[in-house]
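Below: one structure, written as structure tokens.
None of the values given here were measured: they were computed from a predicted structure.
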Amino acid sequence: MSIDVEGFKQGQKAMWAMGDYPDLARWIEAVGELVAERVGAAPGEELLDVATGSGNVAVPAAARGARVTGLDITPELLEVARARAAQAGLEITWIEGDAEQLPFPDGSFDRVSSCFGVIFAPRQDHAARELVRVARPGATIALTAWTPEGLNGQMFKTMGAHMPPPPEGLRSPILWGSEDHVRELFSGSGVELTFERHMIDFKHDSPESWVQYNERVLGPTIMAKNALEPQGKWEPLREELLGLYRANNQAQDGSLHVSAEYLLTVARKAD
């Protein structure tokens, strides 16, 4: 059965325009700063940030002196990124584009990055090839993904179990958080891979307030609620999400303090 890839991408484009993802992205700005460091953003380096969102890598990379291009499929996110760069006094080129069909010639960039972004491209092998294709010989590629066993990986699994299955042939974005899967994606591409696992904390007034917040700002949660609530199926999923956060809560005072694991992959292209 053929996959309506373009239709799927249009759905994702609409999903990430829902709510207020840039507000949520503030919680992971430190990850973007780490990616900018690990990828080697520096004066004179040309860097492409793929699926840049609100610019969590692009902005700190430009602040480090790199010549930065940020690309994303969702224009609403690019508008936020553009305003953020302007406020910081940084010159960054912003392009609406597709991670599976990057609009650049082979070997255009010294550094290529993606922070929880390229992982949502529907055809993962296409996206991985494109990251390598636009990188120059000797270039560094760095990207992050939530690990399947970590909190956010479990969150996406929990939601996915209540939603219709994705089209046949499309794989879960959290697989990018598995070292073996990333090795498979980049097999034969001539890159040398290294991996790091890190944690990032999320804090809120309570598990309940965190779920309510995600219902307002996070596209995948909003889309799930919109699909399931008319069928009376949202509350069971909501209770499972609350149970997940309560089970992982480190706070003892009724507030929420959870830690989510992510995988940082650094790929170095052969000279």
Side-chain angles (χ1 to χ4, degrees), residues 1-5 8-9 11-12 15-16 28 31-32 34-35 38-39 48-53 56-57 71-73 98-102 109 111-135 139-200 218-220 224 244 248 259-270:
M1 188 176 74
S2 62
I3 303 170
D4 180 10
V5 173
F8 187 85
K9 290 178 183 177
Q12 287 201 318
M15 179 180 72
W16 291 111
I28 54 174
V31 182
L34 179 62
V35 172
R38 291 292 194 270
V39 81
L48 172 65
D49 188 39
V50 179
T52 192
N56 272 0
V57 178
L71 174 142
D72 203 278
I73 198 171
D98 185 342
E100 293 183 358
Q101 297 174 303
L102 296 174
F109 298 93
R111 316 285 166 182
V112 182
S113 61
S114 187
C115 184
F116 306 117
V118 72
I119 64 175
F120 291 99
R123 295 175 297 182
Q124 298 179 5
D125 53 343
H126 285 61
R129 285 198 298 269
E130 282 293 274
L131 295 177
V132 176
R133 182 186 66 78
V134 300
T140 299
I141 303 164
L143 60 96
T144 58
W146 304 112
T147 62
E149 61 273 21
L151 177 67
N152 282 352
Q154 292 297 313
M155 179 267 289
F156 279 111
K157 282 184 182 177
T158 299
M159 289 205 299
H162 288 257
M163 297 291 287
E168 187 177 351
L170 301 189
R171 295 186 283 184
S172 169
I174 62 173
L175 287 174
W176 284 87
S178 163
E179 295 175 19
D180 287 344
H181 184 69
V182 174
R183 289 189 186 98
E184 175 190 324
L185 287 175
F186 287 99
S187 176
S189 66
V191 301
E192 179 182 343
L193 298 171
T194 58
F195 302 100
E196 304 173 20
R197 286 177 179 252
H198 295 275
M199 305 290 285
I200 188 160
L218 182 59
L244 178 65
N248 288 273
S259 299
E261 184 183 54
Y262 65 92
L263 182 71
L264 171 60
T265 297
V266 178
R268 290 183 172 82
K269 192 171 180 179

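- Two residues are said to be in side-chain contact when any heavy atoms from C-beta on lie closer than 4.5 Å; T144 and L263 fail this criterion.
- In this structure, the side chain to side chain donor-acceptor pair (under 3.5 Å) partners of T147, at least two apart in sequence or on a different chain, are E261.
- With sequence neighbours excluded, no residue forms a side chain to side chain donor-acceptor pair (under 3.5 Å) with T194.
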Taking distance alone, no hydrogens or angles, what donor-acceptor pairs closer than 3.5 Å link side-chain atoms of residues 124-132 to residues at least two apart or in another chain?
{"unit_1": "Q124", "atom_1": "OE1", "unit_2": "H181", "atom_2": "NE2", "d": "2.6"}
{"unit_1": "Q124", "atom_1": "NE2", "unit_2": "R171", "atom_2": "O", "d": "3.1"}
{"unit_1": "Q124", "atom_1": "NE2", "unit_2": "S172", "atom_2": "O", "d": "3.0"}
{"unit_1": "E130", "atom_1": "OE1", "unit_2": "L102", "atom_2": "N", "d": "2.7"}
{"unit_1": "E130", "atom_1": "OE1", "unit_2": "R133", "atom_2": "NH2", "d": "3.0"}
{"unit_1": "E130", "atom_1": "OE2", "unit_2": "R133", "atom_2": "NE", "d": "2.7"}

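- Looking at heavy atoms from C-beta onward, I73 lies out of side-chain contact with Q12 at the 4.5 angstrom threshold.
- Residues L185 and W176 have side chains in contact (heavy-atom distance under 4.5 Å, counting atoms from C-beta outward).
- With sequence neighbours excluded, the residues that form a salt bridge (Lys or Arg N to Asp or Glu O under 4.0 Å) with R38 are E196.
- Nearest heavy-atom pair, N248 versus L244, reported as atom, atom and distance to 0.1 Å: ND2-O, 2.8 Å.
- The shortest distance between side-chain heavy atoms of T140 and F109 does not fall below 4.5 Å.
- For the pair V5 and F8, the minimum side-chain heavy-atom distance is 4.5 Å or more.
- In this structure a side-chain-to-backbone donor-acceptor pair under 3.5 Å is present from S189 to F186.
- Here the straight-line distance linking atom NE2 of H198 with atom OH of Y262 works out to 5.0 Å at 0.5 Å rounding.
- When every heavy atom of L151 is checked against every heavy atom of S259, the shortest pair comes out as CB-O, 3.7 Å.
- At least one donor-acceptor pair under 3.5 Å links the side chain of K269 to the backbone N or O of A135.
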Without placing hydrogens or testing angles, list every side-chain donor-acceptor pair under 3.5 Å for residues 152-163, not counting sequence neighbours.
{"unit_1": "Q154", "atom_1": "NE2", "unit_2": "P148", "atom_2": "O", "d": "3.0"}
{"unit_1": "T158", "atom_1": "OG1", "unit_2": "Q154", "atom_2": "O", "d": "2.8"}
{"unit_1": "H162", "atom_1": "NE2", "unit_2": "E240", "atom_2": "OE2", "d": "2.8"}

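- Once rounded to the nearest 0.5 Å, the distance linking CD1 of I200 with CG of L34 reads 9.5 Å.
- Looking at I141, L48, V57, V39 one by one, the single match for side chain to side chain contact (heavy atoms under 4.5 Å, CB included) with R111 turns out to be V39.
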Please list every donor-acceptor pair under 3.5 Å in which a side-chain atom of residues 113-123 meets a protein atom from a residue at least two apart or in another chain.
{"unit_1": "S113", "atom_1": "OG", "unit_2": "D49", "atom_2": "OD1", "d": "2.8"}
{"unit_1": "S114", "atom_1": "OG", "unit_2": "V50", "atom_2": "O", "d": "2.8"}
{"unit_1": "S114", "atom_1": "OG", "unit_2": "V118", "atom_2": "N", "d": "2.8"}
{"unit_1": "R123", "atom_1": "NE", "unit_2": "E100", "atom_2": "OE1", "d": "2.8"}
{"unit_1": "R123", "atom_1": "NH2", "unit_2": "E100", "atom_2": "OE1", "d": "2.8"}

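- No side-chain heavy atom of T52 sits under 4.5 Å from any side-chain heavy atom of L71.
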